[in-house]
Amino acid sequence: MKIALGADHGGFGLKEIIKSHLEKKGIEVLDKGTYSTDSVDYPVYSKAVAQAVLNNEADYGILICGTGIGISIAANRFKGIRAALCSNSTMAKLTRQHNNANILALGARMTGDVLALDIVDEFLNTSFEGGRHTHRIEAIEL
Ligand code: RB5
């Protein structure tokens, strides 16, 4: 499995924690930045991670900003991207099962590091259920 990571300055610290967590599990990481706490604009990272997922360079993306809101709004402008902002692991499980989310968004100023790692694990360990959810997802793109 390969995961594309992206964050603005507000999410940089949590991105580094998630990167090390994934690498310890043997999961390959494609780090699209940012690479410091210098102020940057979150849409840049939404675009980089959305394109990595859409081009099949990564199986899933994880995007982090202060709240997770701006970075998920920007990612969802890309056709085929379903970015889900999750604040607990039940949301992460359900968004994979029901929405087939392909990007997990997190708010580093809203969600503690330990909880964020639980959310990441639940997201990556859960499969799409298909069935009644399939036509609803197809309808998003119409
Ligand atoms: C940056 O200060 C902050 O606006 C950003 O990280 C995010 O919370 C936007 O939605």
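In what follows, residues are counted from 1 in the order of the sequence shown. Here the structure is a predicted model, which is why all the values come from computation and not from measurement. Counting starts at 1 for both ligands and their atoms, in listed order. The basis for the numbers below is simple: all heavy atoms, side chains too, and nothing from hydrogens, waters or symmetry mates.
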query: Given side chains that start at C-beta, do those of Asp113 and Ile18 come closer than 4.5 Å, heavy atoms only?
result: no
- [ ] For the pair Asp8 (side chain) and Val40 (backbone), establish whether a donor and an acceptor sit closer than 3.5 Å, ignoring hydrogens and angles.
- [x] no
Numbered in order shown, the ligand 1 atoms found under 4.0 Å of a heavy atom of Tyr42 are 9 (C)
In ligand 1, the atoms that come under 4.0 Å of a heavy atom of His9 are 1 (C), 2 (O)
Quick one: does Gly66 get an N or O within less than 3.5 Å of an N or O on ligand 1? yes
For Leu63 and Ala75, the nearest pair of non-hydrogen atoms, with its separation, is CD1-CB, 3.6 Å
**Prompt:** Taking the side chain from Arg82 and the backbone from Asn99, do they hold a donor-acceptor pair closer than 3.5 Å?
**Reply:** yes
of all protein heavy atoms, closest to atom 7 (C) of ligand 1 is Cys65 SG, 3.3 Å
**Message:** Test your reading of the structure: does Ile71 have an N or O sitting under 3.5 Å from an N or O of ligand 1?
**Reply:** no
To the nearest 0.5 Å, atom CD1 of Ile64 lies from atom CG of Leu85 at 11.5 Å
Near Arg109 (heavy-atom distance under 4.0 Å), the atoms of ligand 1 are 1 (C), 2 (O), 3 (C)
Discussion item. Contact between Thr126 and Thr95 at the side-chain level, heavy atoms closer than 4.5 Å - yes or no?
Written reply: no
At under 4.0 Å between heavy atoms, what of Asp8 touches ligand 1? The answer is side chain
Atom 10 (O) of ligand 1 protein-contacted (non-hydrogen atom, under 4.0 angstrom)
yes
Item checked: Salt bridge Glu141-Lys79, side-chain N to carboxylate O under 4.0 Å -> yes
Examine Thr67 against ligand 1 and note whether any of their N/O atoms are separated by less than 3.5 Å. yes
